[in-house]
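Below: the structure, in structure tokens.
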2 protein chains.
Amino acid sequence: MPETRPQTRRQKVEKKEQAIIAAARVIFQKNGFEKAKIADIAKSSGVAEGTVYTYFENKNALLFAVAVEFYDRLTRDAALGIKDISITYERLQFLARHHLERVSKEWQMLALAMLPDKVSNEYRKTEGYQLNRTYVEVFDTVIREGINRGEIRSDIPLSVVRDIFYGGLEYGARTMRIHASTTDIDQTITHFMEVLKGGIFQQINQQKPQDESLEKMMSRLESATAKLEAIAR
Amino acid sequence: MPETRPQTRRQKVEKKEQAIIAAARVIFQKNGFEKAKIADIAKSSGVAEGTVYTYFENKNALLFAVAVEFYDRLTRDAALGIKDISITYERLQFLARHHLERVSKEWQMLALAMLPDKVSNEYRKTEGYQLNRTYVEVFDTVIREGINRGEIRSDIPLSVVRDIFYGGLEYGARTMRIHASTTDIDQTITHFMEVLKGGIFQQINQQKPQDESLEKMMSRLESATAKLEAIAR
DNA sequence: CAGTATATTTGAATATGTTTCATTTACAAG
DNA sequence: CTTGTAAATGAAACATATTCAAATATACTG
């Protein structure tokens, strides 16, 4: 038998790799990348220092592994979340909240992962870029669809919309972090979306005022209600 | 005589301090903070390694000194630039271009200066925060005046406006850096301002008041729905 | 101007951390 | 049970930031 218990060995190795990544995530988040010591990560995951280097080329590669895991979760949950939302405005609202919540909670990750000279330098530039690319693709798709449906204005390049969206949210997250007492996530999202509504959404009821806009809002209300029904199901 | 040639000594010392800061700026920008070696900075400014430590407590303090100089320039030029512009829209356009240009050119500085665990940790938190505070005060004043004049809508908190402005610009700068070939500063500014015009400027011939209050309620309802969704998941 | 006190500079020594590598240990197969 | 290979180990090599006792420069005094 080439494999006694299928992959007993490989399983063990994989488990150990995960343990190291998990320990690294915790310690990176607690201390930041620089202050995090390989020695601590090793101890915390129950291996010797040298062992870490049989799994990861160096400290940066370890950070990268942590970042991959983070982005995977982030992307998966984003894609999942918009799955059964159909209205562009609500989709963006969900994505905004999702991003703000995650970034508020795990901002160290994002800061580290984005750092040009850490993860994404040299040979890793492409990989790091791709991670972010995949994540943002969820957003991009929502915008493109929104444009097709006539809900989003088509005269602003996608990249500008994206930068305002994620840039604004990242700074917003920092503001919330610094002024935790005076800012809350709901208010922030509400106002953020308010700006987007004027800035990137198609202005529908410019000419035809009352009836039609009321009708549209009614549809939105019905859609929201339907969603609640589905959840309460 | 307590001082032969007034401050001959102090002058020398001050000049040396400036030389170290200047060398540090160059080397930080070239290599990034981590890879920059004190030894190199010392050599480049013509002193011994130990001398650097008689001028700056440690590497972080040196970075901070460089950041102070950077922010001073940034703030001064921003304040100067809007001095003889009176229209809010044009003022913001100037600030946007100014910021984008500087950040594009010296992005390493901003990245370093903003890094929470570098300049602005611990005892320096306050100082670092103040630097940035002074800079954005220029922006804040423009917005406040714009609100007073009725040019800017008053229902979005200043902090949200500010985060979208600078967050969007910072991300925009990165996009320009990565896709230098396909993005140019004029286009970026144009589209950026276009979004702001719809998002934060007062709309002249918008909807009827009644409509608007309905719209507001609608947003509140949607926001509540999103919250329920989040809880239900 | 020589002598002295003080400020400044120096670079070798120290401290702290990452990374390497020769050995050892654990595993799977015959 | 033996052996070849994969994985793990931790002591040593290496790289840097930081310290500090000694050396040097400067200003001041009589």
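The shown structure was predicted, so the numbers you read here are calculated from the model rather than taken from an experiment. A note on names: the letters A, B, ... follow the listed sequences, proteins ahead of strands, and every chain is numbered from 1.
In this structure, of C:dT19, D:dT19, C:dT10, it is C:dT19 that holds the atom nearest to the side chain of A:Ile38. When distances are taken from the side chain of B:Ala48 to each of D:dT19, C:dT19, C:dG11, the shortest belongs to C:dG11.
Between A:Lys12 and the phosphate of C:dC27, there is a side-chain N or O to OP1/OP2 separation shorter than 4.0 Å. Residue B:Lys16 places at least one side-chain N or O under 4.0 Å from the OP1 or OP2 atom of C:dT9. A close approach under 4.0 Å does occur between a side-chain nitrogen or oxygen of A:Thr51 and OP1 or OP2 of D:dT9.
The NZ atom of B:Lys37 sits 15 Å away from the P atom of D:dC14 (whole-angstrom rounding). One can place CD1 of B:Ile27 at 11 Å from P of D:dA17, the figure rounded to the nearest angstrom. Rounding to whole angstrom units, OH of residue A:Tyr53 and C1' of C:dG17 are separated by 9 Å. In this structure, the NZ atom of A:Lys35 is 12 Å from the P atom of C:dG17, given to the nearest Å. Put simply, CG on B:Leu63 is 13 Å from P on D:dA17, counting in whole angstrom units. Computed from coordinates, the A:Lys59 NZ to D:dA15 C1' distance equals 13 Å when rounded to whole Å. When the C1' atom of D:dT16 is taken as reference, atom NZ of B:Lys43 falls 14 Å away, rounded to whole Å. With rounding to whole Å, B:Asn58 atom CG is found 5 Å from D:dT18 atom P.
Other residues, nucleotides and ligands contribute only 12 or fewer heavy atoms inside 6.0 Å of the CD atom of A:Glu14.
A search for ring-ring contact (aromatic ring centres under 6.0 Å, His included) contacts involving A:Phe201 returns A:Tyr89, not counting sequence neighbours.
Sorted by first and then second residue, the salt bridge (charged side-chain N to carboxylate O under 4.0 Å, His left out) pairs with a member in residues 62-73 of chain B read B:Arg25-B:Glu69, B:Arg73-B:Glu106; sequence neighbours excluded.
Using a distance-only test at 3.5 Å, with no hydrogens or angles considered, a donor-acceptor pair links the side chain of B:Thr175 to the main chain of B:Tyr171.
Of the inter-residue distances, the one linking A:Ile164 atom CD1 with A:Leu196 atom CG reads 8.0 Å to the nearest 0.5 angstrom.
Heavy atoms of B:Tyr55 sit under 4.0 angstrom from primed sugar atoms or phosphate atoms, though from no base atom. A:Ala42 comes within 4.0 angstrom of nothing in the nucleic acid, heavy atoms only.
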